[in-house]
Each structure stands twice: as structure tokens, then as C-alpha cells.
There are 2 protein chains.
Amino acid sequence: MLKLSKKADYGLIAVRHLAMRHLAGACSAKEIARTYAIPTELLAKILQKLVKKGLLVSQQGAEGGYALARDPATVTAFEVIKAIDGPLLITSCVTAHGDCSQAPTCTVKEPLGKVNEIIVKALNSVTISSLGDEGAEPPPSTSGLIQIGGAPQ
Amino acid sequence: MLKLSKKADYGLIAVRHLAMRHLAGACSAKEIARTYAIPTELLAKILQKLVKKGLLVSQQGAEGGYALARDPATVTAFEVIKAIDGPLLITSCVTAHGDCSQAPTCTVKEPLGKVNEIIVKALNSVTISSLGDEGAEPPPSTSGLIQIGGAPQ
DNA sequence: CCAAATCCGACCTTTTTGGTCGGAATTAGA
DNA sequence: TCTAATTCCGACCAAAAAGGTCGGATTTGG
Ligand code: FES
Ligand code: FES
């Protein structure tokens with residue numbers, strides 16, 4: 001259905017949270033989970049994935065926790081999503097075994113590939129620090145409301 | 001995982017096929033299915049969905065089949081996808097009951113909403129007739145510059 | 001030593017997706 | 001009129017993915 005996974009969403013939220021207190025110490029998974037009402041163990045697993053990909057660093061032991069590995073301005077939403085959900089491929093032909101029976105006759109994967117590129121570019125233009133702005137200052141006037149979903153019927 | 005469903009892919013292929021023989025007669029689901037090695041009944045159900053949404057017209061009885069309801073140049077990939085998979089919403093918060101527990105504290109759905117708009121625009125810039133010719137004809141408008149993060153304020 | 005925390009992998013449940021089946025209604029043509 | 005071809009429609013099923021949980025090992029600061 002072309003939607004982001006909840007894990008990726010959680011990861012984005014957590015990374016943004018870490019970015020805001022980047023210069024402070026590390027932050028435990030439990031604390032982040034409680035702040036945003038995310039299942040603790042699930043968030044922990046997501047964060048561990050991000051550690052493995054090198055986006056975060058973890059400090060074990062008491063008073064430990066997670067922290068950003070790089071500057072928030074250099075980390076993009078696409079990196080976080082890719083680390084959690086795997087490579088972003090809009091075309092559904094890419095199963096694990098790569099055996100799309102339609103591949104020889106499929107006529108839409110090429111134009112769709114271009115769309116894929118556009119999405120990646122869009123996601124890459126969103127840095128973690130730019131996510132920070134949104135929440136730090138509560139928007140007093142909701143003038144720029146985003147409306148995309150059309151009336152279905 | 002942010003990927004298109006196979007049904008949507010099948011639908012795109014079928015619609016494109018119909019577009020190529022737009023001026024010829026109708027085309028049976030079985031014929032299309034065989035051409036592209038798609039399960040017949042599954043394709044039929046997809047086509048029926050498109051009929052219900054008004055993108056296709058169907059002719060019952062012997063020698064019947066499906067045909068495009070409108071000019072191929074006026075139908076976009078986004079319409080086909082939306083008809084099959086429902087409204088395109090990248091944020092995972094939008095379940096059927098709309099009960100995202102993170103909604104009050106979520107800090108990423110707004111910037112992600114902008115990304116969503118970009119995707120919709122990209123999908124809307126791909127018409128069915130442009131799928132028809134594989135001649136690498138890049139859509140001249142709407143796809144040149146992508147800028148989302150830089151809301152200057 | 002002990003408590004707090006990450007780490008890690010296995011496991012389960014729910015939801016979504018892809019695919020199938022059988023039969024009713026409709027239509028063109030013999 | 002009769003029949004074959006075809007759309008139509010809803011229910012059903014199986015596989016996969018997503019979301020979430022658990023228990024234990026390991027590390028670290030006090
Ligand atoms: S369906 Fe796999 S190539 Fe398009
Ligand atoms: S997770 Fe639902 S609002 Fe972001």
C-alpha cells in the first residue's frame with residue numbers, strides 16, 4: 001500500500017529525540033519509549049539496528065543509553081528508513097529470490113523506477129535536524145495544512 | 001516497507017496494455033493475463049475494481065472484455081494505484097480507525113506529509129500513455145527540481 | 001557484589017497480501 | 001432458442017510480512 005512501516009516511524013521519532021539532546025549525554029531506550037508511548041522492547045530492537053548500521057552509538061551498563069553517531073544535520077530520513085526497513089524499492093518485483101515472472105514483459109518497472117528515484121531524493125532532502133524544528137516550536141497557527149487524501153467516493 | 005503492491009503493478013500493466021489498443025475493441029481479462037503471465041482470476045478482480053472506480057468500462061457476454069473509459073493521456077498512474085490500493089498515505093499512523101497513540105507527541109508526521117505530497121505529484125506526472133512508449137521520454141514538467149526541506153522562514 | 005542498562009536471538013500474534021474457487025448474470029452468435 | 005464465452009461477485013484460503021514479546025547473557029558504574 002506504499003506506506004512507511006511503523007518501525008521506521010518509531011526510528012525517526014527516536015533519532016529526532018536523540019538529535020535534540022545531542023550534546024547532552026546518552027539516553028536510554030526505556031526513557032525514549034516512555035516519552036512517546038512506544039513499546040520498549042520494540043524500540044530497543046529498532047535502536048540496536050540503527051547502532052549496527054552505524055547511525056547511533058550505544059553505551060552499555062548502568063547510566064548507559066543511545067546517542068547519535070554523527071551530526072544531526074548530516075543524517076537524512078532516508079538513511080534511517082533504509083537502516084530499518086531495508087533498501088527502498090517501490091517496484092514489487094524484488095522478492096528475496098528476485099524471480100519476478102513478469103520481468104521480461106513488464107512495461108511499467110522502468111517509469112516506476114524513476115518515481116522511485118524521486119522518492120529517494122525527497123527522503124534524502126529531509127535531515128534529522130530539520131525534523132527537529134517542527135517539534136521544538138509548536139506551530140501556533142495551522143495555516144499551512146497539508147491535505148492529500150482525496151475523497152474516495 | 002514502502003513498496004508498491006503487486007496488485008497495483010498488475011493493474012498498471014493491464015491498463016497500459018488496454019491503452020495501446022485503445023481504439024481497437026475490448027480485451028478479455030484472460031487474454032491480458034496470459035500475455036503477461038498474471039493469474040487470471042486475480043487480474044479479473046483488479047480490473048473489476050478499476051471498473052468500479054470508473055477508469056475502465058466492461059462489456060459482458062461473449063466477445064466482451066475491458067476497455068479504457070477515458071483517454072490514456074488523461075489517466076495517471078496515481079489514479080490506478082489509488083483505485084487498487086486505496087489512498088496513498090506514507091505515514092503509518094492512518095489505520096482504519098485512526099487511532100495512532102503517538103499522534104500528540106509524534107514529531108515526524110508533518111515533514112513526512114510533505115514527502116507524501118511529492119510522491120503523489122510524481123505519480124501523477126506519469127500518465128498511462130507515457131507508460132506506453134518506452135522511449136525514455138522524461139516528463140518535462142513537474143519533475144525537474146525537488147525541494148522540500150527548505151521552507152524559508 | 002549488585003543494580004541498571006544494552007545486547008541478542010528466538011518466539012508469537014495480528015494484519016496484509018496474493019491467490020483461488022464456484023456460481024450467477026449477461027451477451028453474441030450458431 | 002440454445003449455447004458458449006465472458007464478466008461479475010463474494011467468500012474463502014495460504015503465505016508472508018509486520019508488530020510486538022520474552023528470557024537470558026553481558027557489560028558497566030557505584
Ligand atoms: S511486475 Fe516485476 S517487473 Fe513489473
Ligand atoms: S506515528 Fe502516528 S503520528 Fe507519527
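Throughout, a chain's letter reflects where its sequence line sits, starting with A, and its residues are numbered from 1. Hydrogens, waters and symmetry mates are skipped; everything else that's a heavy atom, side chains included, is used.
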May I have the distance from Asp9(A) (atom CG) to dG19(D) (atom P), rounded to whole angstrom? 10 Å
Between atom NZ in Lys52(A) and atom P in dT6(C), what is the gap in whole Å? 16 Å
For atom CD1 of Ile38(B) and atom C1' of dG18(C), their distance in whole Å: 13 Å
In whole angstrom, give the distance that lies between atom CG of Leu43(A) and atom P of dA18(D). 18 Å
For atom CD of Gln48(A) and atom P of dA5(C), their distance in whole Å: 15 Å
Counting primed atoms plus P, OP1 and OP2 as sugar-phosphate and everything else as base, spell out the protein contacts along nucleotides 19-30 of chain C at 4.0 Å heavy-atom distance: B, S or - for each nucleotide, 5' to 3'. BB-----BBS--
Please enumerate all residues that pass side-chain hydrogen bond (donor to acceptor under 3.5 Å, both in side chains) together with Gln59(B), with sequence neighbours excluded. none
Please state how far atom CZ in Arg34(B) lies from atom C1' in dA5(D), giving the value in whole angstrom units. 12 Å
Nucleotide dA18(D), atom P - distance to CD1 of Ile84(A) in whole Å: 12 Å
Strictly by salt bridge (Lys or Arg N to Asp or Glu O under 4.0 Å), give each pair with a member in residues 20-48 of chain B just once, sequence neighbours left out. Arg21(B)-Glu31(B)
Rounded to whole Å, NZ of Lys49(A) lies from P of dT6(C) at a distance of 18 Å
Does any non-hydrogen side-chain atom of Val15(A) lie less than 4.5 Å from one of Leu12(A)? no
With sequence neighbours excluded, give me every side-chain hydrogen bond (donor to acceptor under 3.5 Å, both in side chains) pair touching residues 66-80 of chain A. Arg70(A)-Glu79(A), Thr76(A)-Asn124(A)
With a non-hydrogen cut-off below 4.0 angstrom, is Ala29(A) in contact with a base, only sugar-phosphate, or nothing? sugar-phosphate
Partner set under side chain to side chain contact (heavy atoms under 4.5 Å, CB included) for Ala8(B), not counting sequence neighbours: Leu4(B), Ser5(B), Ile81(B), Asp85(B)
If you assign each of Val51(A) and Leu2(A) to its closest nucleotide in DNA chain C, which residue comes earlier from the 5' end? Val51(A)
Show which side-chain atoms of residues 49-57 of chain A pair as donor or acceptor with protein atoms under 3.5 Å away, not counting sequence neighbours.
none

